[in-house]
Every structure is written in structure tokens, then in C-alpha cells.
Amino acid sequence: MSDPITRIDLNSDLGEGFGPWPLGDDDALLSIVTSANVACGFHAGDPTIMRRTCETAVERGVAIGAQVGYRDLVGFGRRFIEVPPRELADDVLYQIGALEAFARAAGGRVGYVKPHGALYNAIVRHEEQAEAVVAAVRAYDPGLPVLGLPGSAWLRRAERAGLTVVTECFADRAYTPDGTLVPRDRPGALVHDPVAVAERCVRMARGEPIADIGGDPLTVRGESICVHGDSPNAVAVARAVRGALLAAGVGLTPFTPVQS
């Protein structure tokens with residue numbers, strides 16, 4: 001068993017509505033989490049939502065992260081797209097810059113980058129796309145931390161390029177035996193019970209194993225825990241996770257300073 005941690009970040013995917021169609025309760029979640037992965041308009045979000053999410057995050061001392069994804073509003077960024085590396089790098093750079101404008105207007109800054117959905121999963125192993133995302137972050141600001149799955153090509157290449165890498169684990173997603181996420185279209189890919197999710201998070205923070213999709217023990221560690229904001233009971237899950245971690249003596253703080 002690994003040594004337990006005393007502080008951890010709690011992040012969530014936010015700003016994922018579009019126009020008049022809301023998705024999730026961003027206002028409630030921004031009172032619970034410590035970092036907000038804000039959609040940048042390619043898989044979800046629009047200028048008004050981006051600005052409002054950044055303003056609320058700044059008001060509540062929540063770190064702002066650019067959640068970059070494929071150009072796929074129809075598929076919510078959950079479909080793999082074979083994008084040429086240079087084009088993907090340009091798309092990612094565009095998204096970071098767009099969110100930075102709204103973060104600055106709100107009195108804050110983009111504090112980190114986290115890929116979304118299919119892009120996140122692809123660059124666990126897709127070396128060319130991982131390198132393209134790394135290139136975009138370096139072009140924007142080589143001092144910007146990046147968030148991702150431990151052992152991924154994305155974090156390996158980011159670290160090699162001199163970027164600050166931050167590992168994360170998932171509160172409400174099932175894991176395969178090799179520590180990757182179970183695809184969403186497979187049974188059991190999502191964990192919905194707030195009590196079960198909270199218990200998993202405490203175990204991860206303590207360095208204790210959780211059960212993988214097959215029921216076998218798997219140790220999962222991360223400097224940040226992700227609670228998805230688009231689940232029907234996302235607020236209940238996030239509150240349960242926050243309460244359980246604090247009760248277990250694990251403090252909650254952003255992994256990157258909240259910039260202003």
C-alpha cells in the first residue's frame with residue numbers, strides 16, 4: 001500500500017451546455033470542486049457559457065483549466081477523429097486561447113490543460129496525437145501544467161518536453177486491469193451510487209486498491225480526482241466525494257495556484 005496523501009484536487013468537466021441547452025449544474029459544482037475543466041467550444045460550450053463559467057470560477061476561487069477536444073459538437077467530443085497532427089495542434093491552441101480571453105476578462109487565467117473525451121482516451125496510446133497536443137501547450141505557454149491519465153503517452157511526452165504533468169484518477173469511471181478507463185459503451189463503465197463513488201475515492205487517496213471492471217484489486221493514484229459534471233446525479237456524487245475525503249482527513253486544494 002502506498003503512503004496516503006493529505007491533500008488532493010477535485011476537478012470536474014464544466015461549461016458543457018450549448019446555447020439554450022444546459023448540461024449539468026455548473027453553479028452547484030463550482031461550490032464543491034477545486035478545479036474546473038471548462039469546455040472551449042469544440043465539443044461543447046459557447047462564448048456566453050465560457051464567460052459565465054470563468055466568472056463564477058474566479059468568484060469562488062476555483063482553478064480554471066482548458067478542456068480541449070476534437071471539433072465534434074454533434075458527438076460531444078466522444079468520437080475518435082483522425083486529425084493531422086499539425087491541424088490538431090492548431091485546434092488545441094485555438095481552444096486554449098479562446099478560454100484564456102474569457103478567463104482574463106473575469107479576472108483570472110487558464111491554469112492548466114486537460115483533454116476531453118475521445119481525445120483524452122486516444123492520447124493514452126496514440127503517439128502522434130499526444131505529441132500534437134503537447135506541441136500546442138508548449139506553443140501557448142510551456143509553464144502551463146497538463147492533466148491526464150498516469151502512464152499515458154500524453155503525460156510521458158509532456159514530461160519529456162519539459163511540461164509539468166499532473167496525474168488524475170476518476171471517481172465515477174470503471175477501470176480495466178491495466179489502469180485505463182472502461183469505454184462508456186460497455187456495461188459497468190460508470191459508477192452512479194454516490195456512497196460507492198465516495199468510498200472509492202477515499203481508498204484511492206489512501207493508496208488502497210479499488211476493484212477493476214473484473215472485480216480484481218487495482219491500485220489507482222492521482223494528484224487530482226475527476227467527478228464528471230454531466231452525470232444526472234453529478235452534484236450528489238461530488239458532494240459525497242468531498243464530504244468523504246474531508247472526513248478522512250484529506251484536504252482539498254487546486255493542484256495549480258488560482259491565477260489572477
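Numbers for residues simply follow the sequence, beginning at 1.
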OG of Ser31 to CD of Glu59: how many Å apart, nearest 0.5 Å? 10.0 Å
Exercise: do Tyr112 and Asn37 side chains pair donor with acceptor under 3.5 Å: yes
Around atom OH of Tyr94, are there more than 12 heavy atoms of other residues, nucleotides or ligands at under 6.0 Å? no
For Arg184, does the CZ atom have more than 12 heavy-atom neighbours from other residues, nucleotides or ligands under 6.0 Å away? yes
Could you see if Leu252 belongs to whatever hydrophobic cluster contains Val202? Use Ile, Leu, Val, Met, Phe, Trp, Tyr and a side-chain cutoff under 4.5 Å. yes
Is Ile81 reachable from Leu93 through a run of hydrophobic residues whose side-chain heavy atoms are each under 4.5 Å from the next? yes
What are the two closest non-hydrogen atoms of Arg79 and Val74, and how far apart are they? NH2-CB, 3.9 Å
Are Leu99 and Met50 side-chain neighbours, meaning at least one heavy-atom pair lies under 4.5 Å? yes
Any Asn233 side-chain heavy atom under 4.5 Å of Pro194 side chain: yes
Donor-acceptor side-chain pairing of Asn11 and Ser35 below 3.5 angstrom: no
For residues Ala39 and Gly15, report the shortest heavy-atom separation together with the two atoms involved. CB-O, 3.5 Å
Given 3.5 Å as the limit, does a donor-acceptor pair link the side chain of Glu168 with the main chain of Leu147, or not? no
Do Asn121 and Leu181 make a side-chain contact, defined as non-hydrogen atoms from C-beta onward lying under 4.5 Å apart? yes
Charged N-O contact under 4.0 Å between Arg109 and Asp141: no
Fit a plane to each ring of Phe170 and Tyr120, take the angle between them on a 0 to 90° scale, and name the class: parallel (under 30°), tilted (30 to 60°) or perpendicular (over 60°). perpendicular
Do Phe42 and Phe76 land in one hydrophobic cluster if side-chain heavy atoms of ILVMFWY residues count as linked below 4.5 Å? no
Can you tell me how far apart CZ (Arg71) and CG (Leu73) are? Round to the nearest 0.5 Å. 10.0 Å
Would a 4.5 Å heavy-atom cut-off, applied to side chains only, mark Val68 and Ile96 as touching? yes
Do Asp230 side-chain atoms and Leu23 backbone N/O form a donor-acceptor pair below 3.5 Å? no
Heavy-atom closest pair (Leu30 atom, Ala36 atom, distance to 0.1 Å) is CD2-CB, 3.9 Å
Below 4.5 Å, heavy atoms only, C-beta onward: do Val38 and Gln67 meet side chain to side chain? no
Mark yes or no for whether Ser12, through its side chain, and Val227, through its backbone, hold a donor-acceptor pair below 3.5 Å. yes
Asp212 CG to Thr176 OG1 distance, which is reported to the nearest 0.5 Å: 7.5 Å
Hey, does the side chain of Arg200 reach the backbone of Ala171 with a donor-acceptor pair shorter than 3.5 angstrom? yes
Please report the shortest heavy-atom distance between Ala205 and Leu245, naming the atom on each side. CB-CD2, 4.0 Å
Can you check whether Phe18's main-chain N or O pairs, donor with acceptor, with Asp46's side chain at less than 3.5 Å? no
According to a 4.5 Å side-chain heavy-atom criterion applied to Ile, Leu, Val, Met, Phe, Trp and Tyr, with indirect links allowed, do Val124 and Val165 form part of one hydrophobic cluster? no
Atom pair SG (Cys169) and CD (Glu223), whose distance is rounded to the nearest 0.5 Å: 10.0 Å
Closer than 4.0 angstrom, basic N to acidic O: yes or no for Arg60 and Asp26? no
Please examine the side chains of His228 and Cys226, heavy atoms only from C-beta on, and report whether any two atoms are closer than 4.5 Å. yes
Could you go through Ile225 and Asp9, starting from their C-alpha distance and side-chain angles, then the distance that decides it, and tell me whether this counts as side-chain contact (heavy atoms from CB on, under 4.5 Å)? CA-CA 6 Å; Ile225 296 176; Asp9 174 63; over 6 Å; no
For the side chain of Thr56 and the backbone of Arg52, is there at least one donor-acceptor N/O pair under 3.5 Å apart? yes
Pair Asp178, Thr180: side-chain N/O donor-acceptor within cut-off below 3.5 Å: yes
Please confirm whether the backbone N or O of Asp91 pairs with a side-chain atom of Gln95, one donor and one acceptor, at under 3.5 Å? yes
Looking at Gln129, is its backbone amide N or carbonyl O close enough to the side chain of His126 to form a donor-acceptor pair, meaning the two atoms are under 3.5 Å apart? yes
Determine whether Val146 and Val166 make a side-chain contact, defined as any pair of heavy atoms from C-beta on separated by less than 4.5 Å. no
Atom CG of Leu163 and atom CG of Leu155: how far apart are they, to the nearest 0.5 Å? 10.0 Å
Between Ile8 and Gly222, which heavy-atom pair has the shortest distance, and what is it? CD1-O, 3.6 Å
Under a single-linkage definition using a 4.5 Å side-chain heavy-atom cutoff for Ile, Leu, Val, Met, Phe, Trp and Tyr, are Val191 and Val241 assigned to the same hydrophobic cluster? yes
Can you check whether Tyr175 reaches Val182 side chain to side chain, under 4.5 Å on heavy atoms? no
Determine the minimum heavy-atom distance between Ala63 and Val258, stating which atoms define it. N-CG2, 3.8 Å
Looking at Arg7 and Thr253, would you say the former's side chain and the latter's main chain have a donor-acceptor pair under 3.5 Å? no
Return the CG to CD1 distance between Leu14 and Ile49, rounded to the nearest 0.5 Å. 11.5 Å
Sidechain-backbone polar pair: Arg51 side chain, Phe102 backbone, donor-acceptor under 3.5 Å: no
For Arg156, is there an ion pair with Glu127 - N to carboxylate O distance below 4.0 angstrom? yes
For Leu29, the option from Val235, Val62, Leu10, Asp13 that meets side chain to side chain contact (heavy atoms under 4.5 Å, CB included): Val235
Is it the case that over 12 heavy atoms from other parts of the model lie below 6.0 angstrom from the CD atom of Glu128? no
Parallel, tilted or perpendicular: which one describes the rings of His116 and His43, with boundaries at 30° and 60°? parallel
